[in-house]
2 protein chains.
Amino acid sequence: MAVETLNHPLSAETGVGRDAQVARPKVAVDTVLFAIERGRLKCYLVQLGAGAAAGKWAFPGGLVRVGETLDEAARRELYDAARLSNLYLEQLFSFGDPSRDPGAHVVSVAYMGLIDDAGAASSGSRKYAAGQWFEVAALPALAYDHSVMAEYALRRLKSRLEYTNIACNLLPPTFTFAELEDLYATVLERPLDRRNFRRRIMAMGLLKRLAEKRRGPHRPAALYAFRHRGVQVIEML
Amino acid sequence: MAVETLNHPLSAETGVGRDAQVARPKVAVDTVLFAIERGRLKCYLVQLGAGAAAGKWAFPGGLVRVGETLDEAARRELYDAARLSNLYLEQLFSFGDPSRDPGAHVVSVAYMGLIDDAGAASSGSRKYAAGQWFEVAALPALAYDHSVMAEYALRRLKSRLEYTNIACNLLPPTFTFAELEDLYATVLERPLDRRNFRRRIMAMGLLKRLAEKRRGPHRPAALYAFRHRGVQVIEML
DNA sequence: CCAAAAGTGTTGAGTATACACCCATGA
DNA sequence: TCATGGGTGTATACTCAACACTTTTGG
């Protein structure tokens, strides 16, 4: 790995001083956005419209601007790409390999995002040629190192499901126990025992049972809601 | 939070194009380096010699250069700061609040580092006024948001100790069981049951018992070594 | 009354915790 | 021989996984 030695170590921490206009890596954010649609785990991809990777699919993202936090940058890019706002975001990992983007050295801070309604994403944006949901199990070839990001995000989602109440961000405000269980089974890619699952979830004490029931062709199912939709910090065990 | 809207979203991903010379946040790395010294958990701080935070203590770090990975940047900074190399590094989190450094918008990728010999750090460096080990329980006031980094790092170290064989990076090549247990008790800040601890560690199968013994004023203790000092991916459970 | 999904307890296995005594050595 | 840290086993509580039948509704 040939490492350029461009700047003086002096004042390197603050970035002020003589080296202010030396070439520096740029910072970007990219978000792996998940949703459940018709019992399938999907994530949102945009088709790049400019640059060396034009035509390829990637996660929505872009350069961070001076003055905004990383979270703000990720939210701005998601809004620009798909008019989405107010979703759950969690920082995943930062990717800094200088060759990850052949065009320039861009360090990307990857985020995982969750949304309860895939239909809320609108694909028309100035920035991208297209945008749509893809099943996680069948993603197209991705630009840059975005397939690595996808793996990180999926692993994180799975582990968060096991330990936190993060599922509330993938479900509508009210839902049946069967829907919650289907969500878990879909994401974790394994069947769950209904009784054990119910016990585990109930032991967390995060759900409240509502008075209404969901009526269908068969026995009506009790509706539930998460007590706290905001805070995700509660961990089981 | 006032967000500047400087650049066009076009070609923002690759960073090539018209916006090439627009002001951008810089990328830095900072490393929270831990070692055990005389039964205490310590971390290495440097005293800043330039910039707005001159005189304050901080973790060693600095701007990432074009062409190097984040890991390489962290290692380079640690070498420059304390002539340390070949240590265990793990990425923690990226901090991007624009106000975290009053001098400029610097996004910092924080790392946790582990070293088995605190004495290997040499404090003389061109870049910093001083460098020394501080007990984690009694850190001085830190520059920037480095006290938040310290909390993240300590939490990560604790959880890694419970689930992985990461401890090998804080111990010399051979050690007694008592030393391993002291390490755990020190970092986790709670006493451990000697028999249960032994069983748990042995169940992981990561240690090999050596023929030699450590002789001291009392009964000699069996020496152990980690089977694999490199790979840290093995998780218990 | 039949089909289909909703709802509910118990048992056994394995894992984690609490706990106390003998051993080997140097001084 | 004594002081000091090294080394070992068992009994109990708890947690997790496996497992099947009854209930409620709409058609």
Side-chain angles (χ1 to χ4, degrees), chain A residues 36 38-39 158-165 167 171-172 174-225 234-237, chain B residues 36 38-40 158-165 167 171-172 174-186 188-225 234-237:
Chain A
I36 303 281
R38 274 174 281 113
K158 285 179 181 177
S159 89
R160 283 284 188 257
L161 266 196
E162 310 247 29
Y163 299 122
T164 75
N165 69 338
L171 286 172
T174 70
F175 50 89
T176 68
F177 231 102
E179 290 166 343
L180 181 62
E181 190 186 330
D182 285 351
L183 162 64
Y184 271 77
T186 298
V187 175
L188 300 177
E189 295 172 290
R190 61 183 158 90
L192 299 172
D193 180 86
R194 203 178 340 153
R195 285 164 291 186
N196 294 337
F197 178 73
R198 217 181 176 91
R199 203 179 5 253
R200 243 184 72 196
I201 297 290
M202 282 317 201
M204 295 202 284
L206 303 169
L207 298 185
K208 57 169 181 271
R209 184 169 187 154
L210 305 179
E212 312 97 275
K213 306 221 161 206
R214 166 148 319 158
R215 309 194 75 81
H218 302 297
R219 176 175 177 175
L223 283 174
Y224 291 84
I234 301 138
E235 307 227 344
M236 1 186 315
L237 264 182
Chain B
I36 303 281
R38 274 174 282 115
R40 304 287 185 162
K158 286 180 180 177
S159 89
R160 284 282 189 260
L161 266 196
E162 309 248 29
Y163 299 123
T164 74
N165 69 337
L171 286 173
T174 69
F175 50 89
T176 68
F177 232 102
E179 289 166 345
L180 181 62
E181 192 187 330
D182 285 350
L183 163 65
Y184 270 76
T186 298
L188 299 178
E189 294 172 290
R190 62 180 158 90
L192 298 172
D193 180 87
R194 205 183 334 160
R195 284 164 291 189
N196 294 336
F197 178 74
R198 217 181 175 91
R199 208 185 353 260
R200 243 183 73 194
I201 297 291
M202 283 318 204
M204 296 203 285
L206 303 169
L207 298 186
K208 56 168 182 274
R209 184 169 186 153
L210 305 179
E212 315 98 272
K213 306 221 163 207
R214 165 148 323 157
R215 311 193 73 81
H218 302 296
R219 176 175 177 175
L223 283 174
Y224 291 84
I234 302 138
E235 306 226 346
M236 5 185 312
L237 268 183

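Computed from a prediction, not measured in an experiment: that's the story for all the values here. Computed over heavy atoms, backbone and side chain alike; hydrogens, waters and symmetry mates excluded. Naming: A, B, ... by sequence-line order, numbering from 1 per chain.
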### Message
In this structure, how many angstroms lie between the P atom of D:dT8 and the CD atom of B:Glu181, rounded?
### Response
13 Å
### Query
To the nearest Å, how far apart are B:Arg200 CZ and C:dT17 P?
8 Å
### Length of the CG-P vector between A:Asp193 and C:dT8, whole Å
14 Å
### Length of the line joining A:Leu207:CG and C:dG7:P, which is rounded to integer Å
13 Å
### Message
Tell me the interatomic distance from B:Arg199, atom CZ, to D:dG9, atom P, rounded to whole angstroms.
### Response
10 Å
### Query
Roughly how far, to the nearest 0.5 Å, is the CG atom of B:Leu171 from the CG atom of B:Leu180?
6.0 Å
### Query
Does a nitrogen or oxygen in the side chain of A:Arg198 sit under 4.0 Å from OP1 or OP2 of C:dG7?
yes
### Summary
In this structure, CG of A:Leu207 is separated from CG of A:Leu223 (nearest 0.5 Å) by 12.0 Å
### Summary
Against the side chain of B:Arg209, the closest entry in D:dT8, C:dT8, D:dG6 is D:dT8
### Message
Please determine whether a side-chain nitrogen or oxygen atom of B:Arg195 lies at a distance below 4.0 Å from atom OP1 or OP2 of D:dG7.
### Response
no
### Task
Could you check how far CD1 of B:Ile201 sits from P of D:dT8, rounded to whole Å?
15 Å
#### Entry: Proximity to the side chain of A:Ala178 - top-ranked nucleotide from C:dA6, C:dC23, D:dT25
C:dA6
### Message
Looking only at the side chain of B:His218 (C-beta and beyond, no hydrogens), which of the listed nucleotides D:dG7, D:dA3, D:dT25 gets closest?
### Response
D:dA3
### Message
Rounded to whole Å, how long is the line connecting atom CG of A:Leu192 with atom P of D:dC19?
### Response
15 Å
### Query
Should the pair A:Arg198-A:Glu181 be classified as a salt bridge under the 4.0 Å nitrogen-to-oxygen rule?
no
### Query
Could you give the CG-to-C1' distance, from A:Asp182 to C:dA6, as a whole number of Å?
13 Å
### Query
Do A:Arg219 and C:dA6 share a donor-acceptor pair, side chain to base, under 3.5 Å?
yes
### Query
Of A:Arg194 and B:Asn196, whose closest DNA chain C nucleotide lies nearer the 5' terminus?
A:Arg194
### Task
Nearest 0.5 Å please: distance from the CG atom of A:Leu161 over to the OH atom of A:Tyr184.
5.0 Å
### Query
Just how far is it from atom CD of B:Glu212 to atom OG1 of B:Thr174, taken to the nearest 0.5 Å?
7.0 Å
